[in-house]
Amino acid sequence: MGVPGGGCSVVWFRRDLRVEDNPALAAGMRAGAVVAVFVWAPEEEGHYFPGRVSRWWLKHSLSHLDGSLRSLGTPLLTKRSTDSVSSLLEVIKLTGAAQLFFNHLYDPISLVRDHRVKEVLTAEGVSVRSFNADLLYEPWEMLDQEGQPFTTFSGFWDRCLSMPYDPEAPLLPPKRIFPGDVSRCNPDTLVFEDESEKGSNALLARAWSPGWSNADKALTTFLNGPLIEYSKNRRKADSATTSFLSPHLHFGEVSVRKVFHLVRIKQVLWANEGNKAGEESVNLFLKSIGLREYSRYISFNHPYSHERPLLGHLKYFPWVVDEGYFKAWRQGRTGYPLVDAGMRELWATGWLHDRIRVVVSSFFVKVLQLPWRWGMKYFWDTLLDADLESDALGWQYISGTLPDGREFDRLDNPQDALKEKIEGYKFDPNGEYVRRWLPELARLPTEWIHHPWNAPESVLQAAGIELGSNYPLPIVEIDSAKARLEEALTQMWQLEGASQTAIENGMEEGLGDSSESIPIAFPPDTNMEMDTEPIRNNPPHATIRRYEDQMVPSMTSSFIRVEDEETSVDLRSSGDDNRAEVPSNVNTAEEPRREPHGHTIFQTDRTNDAFPQFNFARVRRNSEDSTAESSSTTRRERDGGVVPVWSPSNSTYSDQYRGEDNGIGTSSSYLARRPQAHQLFN
DNA sequence: GCTACATTCTA
DNA sequence: AGAATGTAG
């Protein structure tokens, strides 16, 4: 029902690269002619410039979208920019548009940027409206009985599933779009990969097909196939039984509401058939969708959750700042087969099964005790479905820095693999996964495949393995990791207590936000250097620790900064910036397997410092400040354009950091056991 | 049917 | 670690 000649509006595409169930696009069409725009301004992301594979995906997704839009009547106008706001303004001026529509994003940078978009454009007389296209429910709709945000996933998710109103039903794709006049706009050609990356990226197309209609196909395939056995198969590290939707979801190629809706239909169907396993599968799958929702929720309520633990005491954990460990982990040379296989797969394919993500990340945090943000950043750089909010949630969960995450002092990883029943044998009982990604261990019998260090010399010899040269000995022994972890925890509590005391004694700023502790730098460049010398076992050097508070760059309210303000540990081995070579010693040739993907927990994020403070109380509905149609809104005002209000004056990053650490209150038994450790903030 | 022990899962 | 669920006897 678009009216040519009516107003022209700009629809700003971001991570909502689809034409179906796209509220901003639908609103633009309702308003008349549409100018569809995508602005590529990666500098605004600061540290989180998208990684190679992620950019590869984006490139294809955009061209797919452009094709769809063209066939509907209008092209996708692309702009290269370092400042989204001014680019939008320019497009609006050149097209004579009177309105701007876009869909919400919830990462910290977008929250600030989008708020500014509204401010600036509204001041210019442009009517701006934004919509929910990414979530079942907006974060500000989800509050507990007391009207407070939830602090645990289960509380949150239970509520999502029992809301008095359903998530909006998906919108149908448009039949035709009336094009706005873009003749005065100069589209920019966007460059997403450099020459050196093309080769590595070529492999990706074999396994993945970006683009909204492909996302839709993936969804259908999953619904009609693997979903029903999702529960049963979820442990298998190697099988293609996940939905493979995560990258599609990250870029908004498919609407979660549609996913939710269709999955529920299946659920009802199976419930009627009494298919218990099917129902269970649906619940599990939905839960993973819920985690994604929750990651946005957390990000919205705690915009610094990608860089600071939600549980404040972790600030005092003495992380091991060891480049050697970090590198060994990246290269898949830790000496723990399952971990190494995972890291090789990640590098080679940009994807990992969720279970393996858990294995490699908890190894990273608990055994290596490296700062979790480093791991998160590496995931950001290498994962096809890298997603700031999800990855932050995943790493915080693993790190034990969430009220309902795994407890920090629990070390439950590969070692147990030793005692059978361990991760290794649990996720990869026959060692197939390890053999695929660690060809050097391929000939080792299953009995030893997950713990070659225990294998008799004769067996190793027969398998052609020489530990320490062929394949590394464990970089850290589990036992020493355990001891080290305990020591570190003791230290952490001591420091915590000391700072607590300092505060009580009036030394307000007793804690060392930036004072006494040296912030841990952002991870050094994380390039794969497969050809370097074999990792030595048990590095001789003493362990260096730094107290957390991995401060990262800051984003001023005005925007993105790009410089680092963290003291860099400076260990770079910069010259070798060979981002992505697929490790040559990996069995990539294998069967044309599909790389999986799943919903995962993980993803990454960025940093900032002057942190925006979102004030729930101030949230208001857009209907008040913008266009018509507010009145026509139905009950939940679907597109209601509710927008978070950011009030810079409210508080600054450091204020809140000091004051209350922002985190989520502590409530876990973990903390209960350490009474001296804080009480909730709030 | 019930207790005692074992296994599984936890966002 | 602790809850929950499952199994053997």
Side-chain angles (χ1 to χ4, degrees), chain A residues 135-136 139 142 144 149-161 230-237 242 246 276-277 279-281 283-302 305-306 309-311 314 352-362 365-366 372 375-376 379 387-413 415-417 419-427 429 482 485-486 489 598-605 663-674:
Chain A
L135 297 175
L136 265 14
M142 306 300 300
D144 65 18
F150 291 96
T151 55
T152 62
F153 171 70
S154 60
F156 167 83
W157 189 230
D158 287 348
R159 179 73 180 140
C160 280
L161 294 175
Y230 188 77
S231 165
K232 195 176 109 203
N233 293 327
R234 90 200 111 113
R235 280 187 211 85
K236 306 227 59 193
T242 61
S246 60
K276 196 85 192 308
E279 261 194 282
E280 174 61 9
S281 288
N283 288 335
L284 270 165
F285 176 71
L286 250 25
K287 191 166 112 181
S288 67
I289 293 292
L291 286 163
R292 175 182 177 283
E293 297 270 312
Y294 191 55
S295 72
R296 270 74 180 150
Y297 186 75
I298 291 287
S299 176
F300 179 80
N301 287 303
H302 307 278
S305 63
H306 56 293
L310 256 31
L311 251 27
L314 259 294
L352 276 187
H353 184 109
D354 184 57
R355 291 296 156 153
I356 302 300
R357 298 186 195 203
V358 169
V359 169
V360 303
S361 61
S362 60
V365 175
K366 304 285 176 77
W372 62 272
M376 194 176 78
F379 270 24
D387 178 288
L388 201 54
E389 299 96 300
S390 295
D391 288 347
L393 178 64
W395 281 91
Q396 293 233 20
Y397 166 67
I398 293 302
S399 303
T401 60
L402 292 172
D404 51 355
R406 319 195 141 183
E407 289 163 356
F408 194 88
D409 52 2
R410 209 169 98 215
L411 181 81
D412 51 0
N413 227 2
Q415 140 86 121
D416 294 327
K419 305 167 185 160
E420 304 272 1
K421 309 246 170 187
I422 8 24
E423 313 264 26
Y425 291 99
K426 190 156 137 203
F427 300 139
K482 234 173 217 160
L485 185 63
E486 265 162 42
L489 285 165
H599 342 278
T600 57
I601 294 196
F602 289 100
Q603 304 183 0
T604 325
D605 55 334
I664 287 183
T666 62
S667 60
S668 68
S669 53
Y670 172 49
L671 291 169
R673 278 182 271 130
R674 341 289 298 211

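Hydrogens, waters and symmetry mates are skipped; everything else that's a heavy atom, side chains included, is used. Each chain gets a letter, A, B and so on, in the order its sequence line appears, and its residues count up from 1. No experiment lies behind these values; they were computed from the predicted model shown.
Here the side chains of A:Phe379 and A:Arg357 are in contact, with some heavy-atom distance below 4.5 Å. In this structure the side chain of A:Tyr297 never reaches within 4.5 angstrom of the side chain of A:Phe300, judged on heavy atoms.
The interatomic distance linking A:Leu284 (CG) with B:dT8 (P) rounds to 16 Å, in whole Å. For the pair A:Phe153 CZ and B:dT10 P, the computed distance is 11 Å after rounding to whole Å. A:Trp157 has its CH2 atom 17 Å from the C1' atom of B:dT10, to the nearest Å. The distance between atom CZ of A:Arg355 and atom C1' of B:dT8, rounded to the nearest whole Å, is 11 Å. In this structure, the CG atom of A:Leu291 is 10 Å from the P atom of B:dT10, given to the nearest Å. Between the P atom of B:dT8 and the CD atom of A:Glu280 lies a distance of 15 Å, rounded to the nearest Å. A:Tyr397 places its OH atom 9 Å from the C1' atom of B:dC9, with the value rounded to the nearest Å. Rounded to whole angstrom, the span from the NZ atom of A:Lys366 across to the P atom of C:dA1 amounts to 12 Å.
With sequence neighbours excluded, the residues that form a side chain to side chain contact (heavy atoms under 4.5 Å, CB included) with A:Leu161 are A:Trp157, A:Phe260, A:Arg264. Legend: residues meeting salt bridge (Lys or Arg N to Asp or Glu O under 4.0 Å) with A:Lys232, ordered by chain and number and at least two apart, are A:Glu229.
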